[in-house]
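Contents: one structure, followed by commentary.
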Amino acid sequence: MNYRFEPLPEQAVPNELIQMQDELGLATAPVAGYLIVLSKKIKLKALEVTIRTPLPIKPVASIQEEEKLWLILETRAPWCYSAREDFPKLHHVMREKGFPPRICYTDIEDDDWIVDKTFPDFIIRLRQWLADAAAGMLVKEDERYEPLWISASDGLIEFNEEDVLNNMESGKWRTHAFLRKIGGTKYLQIGDKYDEIVVDVFYQPKISQKVWDTIPSKVIDVVELGKDIGCDVSHIIEPFSKDSQTAIFLIIFGVKRPKSISGKENANEWIGCLFIRKKTNKGVLVGATKQEKKMKISPDKIWSVNCLPVRSRFTMELARMTSGWEKGCDKRVAIIGAGALGSTIIDQLVRGGLCKVFIVDNDILSPHNLARHQLRNSELGFKKAEGMAAYLNDLYDNETATVYPHKLFPIERHVLDELNNCKFVLDLSTSRAVQVSLGECRHQGYMKVPVVTGFMGAKGEVAFLLIDSFKKYINGNYLEAELIGMHQANSGVKKWLLSSKDVIEPGGGCRIVSSKVPWSLISLAGGWAGQNIAGLIQETETLRDIGRIGVFEVYKEGLSWNTKSIWLNVKEPTVFERSGWFIYLSANVEKIIKETCLEKDGCEACGILLGTINRARKIAFITTSWRGPTDSDAGENYCVRGREGLRIKLDNNLRDTGSQEVYLGEWHSHPKGSTVMSAIDLATSKEMAKRLIEFGLPAILVITNGNEIDAHVITEK
């Protein structure tokens, strides 16, 4: 073997792995040490774990009941190698010479997946991966996951610019191709093949002093004009004058103009001339001049030329006037994520003349994206951000779009400066790592601008827009938590939660259920979101200091589809930092608790707290409060919370929220006292903690006297 594991007992093993050994299915206790790769002369800090995997009755892959794995800790997100040289050749397994077989446990980047995860989450994911591999379920039905793709299939050929331009200038170069520039790199792109269309490109940077003031419309004028700029096109026209078949072909002249016709002065400009030769019985040159006869060109009665210049440039002002918008925005809007939903909204905003954009996305356009993306086959293999920028800049012939086609995690200083120079940041990504990075930058005070988050859920039947412009640090997770708290009042939210299979993944991209969203629903959601974002862009003042949640629902009535949308304002929550945990108490929940306290007229009140949890970052979002069940009992100095029907109610709520809103603790009131825990409160809280700590949850107790409110966290049994 070219590698071996060297155990070092003195190396620390994460305590949570030892405590949860049975729950995680670990056959033996984890061992810390080094994975030594002999051929590479390197050693990597690692953990050795043996995972016990539940195998199907008839496994389709040779996965063993107990698999020994090595978890590499040298990278930001841990990597997983199999200790077996004979590990089966499966999808999602990468093999590098000299290294053990490496398991690709996620179809997104490791950093993105691990950012909100812990070691137990990692072990659970690997165990499920092994079970899926044994059952032959690594690639789901109708799910596209191709770890390898051939870049040459997109029709893009990199070329030597000098050689090609020399051939163009000679007037001899001819091909089914046209010149194109994307993301700072020039390419020669092979176009679609048509039986009767030939595309010829001529480029001549030096022209005579004669200015091309008029666009020619006759064959002979085009020929003469070609000579003036150094491009002899007669050899192209000649073959089509010898037969009686219909001929259609295009000549594109590329010139560097002394003055502008449609573009900028001294800029390269492309003028297209489409030649059409009607079908004739004879190829005679009726009424031809001596020069035409010499060149064997049919007269203009047989040939027609349609010139394809842009007489006046498309500008942002013209776009706004055509679209009906009153005004645009002087500042750029930063858009993170140029996927299906992102490209749709970007296209609407820029083509409507509302703003210039700064696009951030490091993903590459793949063939399956074309079902829902604004880009076309010609951009396959390019970064989505660069493709969108090239398309938009070509539309306006200026720097309408700038890009950062790299990972945004972590955020580099120069990128942060660019974001702060924008009106606001529109996060349409599918990356949890990006969302966390944005939140941390706002928390540290590095980001000054508001963040608007847009994403789709369910099967495209509901979309959301979250506007977060609080002065304090409130990241997208909190507004999502508020959204979860809405499930009982909104059918669209409930439908989305019921279909969720994992933590919320904001964005409209090819991820989990959203990858099956048809283009028609992407267009509906993108149009709704685009209209609302356009409204934000046109506001003269900065976004108000308030959070807003917009819900757009598409629902079916008989054979017809209808839509509806609602907007809710979200007040800034109360934030408590207790025992290393951040407790976010929704303003709506706080209001309900205080009002319930005052209604009891001197008697104590009590109830249940529900919400979402982020164990990795130790954040609890309290989204819902229930009053105690009907069998609860209370007096002036005591309150006993009942249990009647509570278990069924909790189970139903867990189902209705896609297992995302969970039990977090209790609340009660001290009508005539303070918000400090009494001795009885402390004792009952410790009993509550015994149950919650087993699941890695803090025990939260909220106490109010009707005016003030406080949160307490118990993290020890």
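No experiment lies behind these values; they were computed from the predicted model shown.
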Plane angle bin for H406 and Y404 - parallel if under 30°, tilted between 30 and 60°, otherwise perpendicular:
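Rings of Y404 and H406: perpendicular, over 60°.
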
Please work out whether the ring planes of Y584 and F621 are parallel, tilted or perpendicular, with thresholds of 30° and 60°.
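Because their plane-to-plane angle lies in the 30° to 60° range, the rings of Y584 and F621 count as tilted.
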
Could you check whether any side-chain heavy atom of V93 comes within less than 4.5 Å of a side-chain heavy atom of P88, counting everything from C-beta outward?
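Side-chain contact under 4.5 Å: no.
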
Could you check whether any side-chain N or O of W667 sits under 3.5 Å from a backbone N or O of W626, counting only pairs where one atom can act as donor and the other as acceptor?
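Such a contact is found between W667 side chain and W626 backbone.
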
Under 3.5 Å: donor-acceptor pair, side chain of N652, backbone of K649
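No: the side chain of N652 does not pair with the backbone of K649.
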
Would you call R655 and D651 a salt bridge, taking side-chain N to carboxylate O under 4.0 Å as the test?
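No, no charged N to carboxylate O under 4.0 Å.
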
I'd like to know if K43 and E6 make a salt bridge, using a cut-off of under 4.0 Å between side-chain N and carboxylate O.
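Here K43 does not pair with E6 in a salt bridge, since their nearest N and O are not under 4.0 Å apart.
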
Which residue pairs pass the side chain to side chain donor-acceptor pair (under 3.5 Å) test when at least one of the two sits in residues 61-73, sequence neighbours left out?
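Counting only pairs at least two positions apart or across chains, the side chain to side chain donor-acceptor pair (under 3.5 Å) contacts touching residues 61-73 are E48-W70, E67-R84.
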
Among residues two or more places apart or on two chains, list those pairs meeting side chain to side chain donor-acceptor pair (under 3.5 Å) that have a residue in residues 16-41.
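Counting only pairs at least two positions apart or across chains, no side chain to side chain donor-acceptor pair (under 3.5 Å) contact touches residues 16-41.
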
Just wondering, are more than 12 heavy atoms of other shown residues or ligands nearer than 6.0 Å to [atom1] in [X]?
X    : atom1 : value
L682 : CG    : yes
R95  : CZ    : yes
Y446 : OH    : no

Write down the atom of [X], the atom of [Y], and the distance for their closest heavy-atom approach.
X    : Y   : value
N2   : G98 : CB-O, 3.9 Å
R127 : P54 : NE-CD, 3.8 Å
A27  : R52 : CA-NH2, 3.4 Å

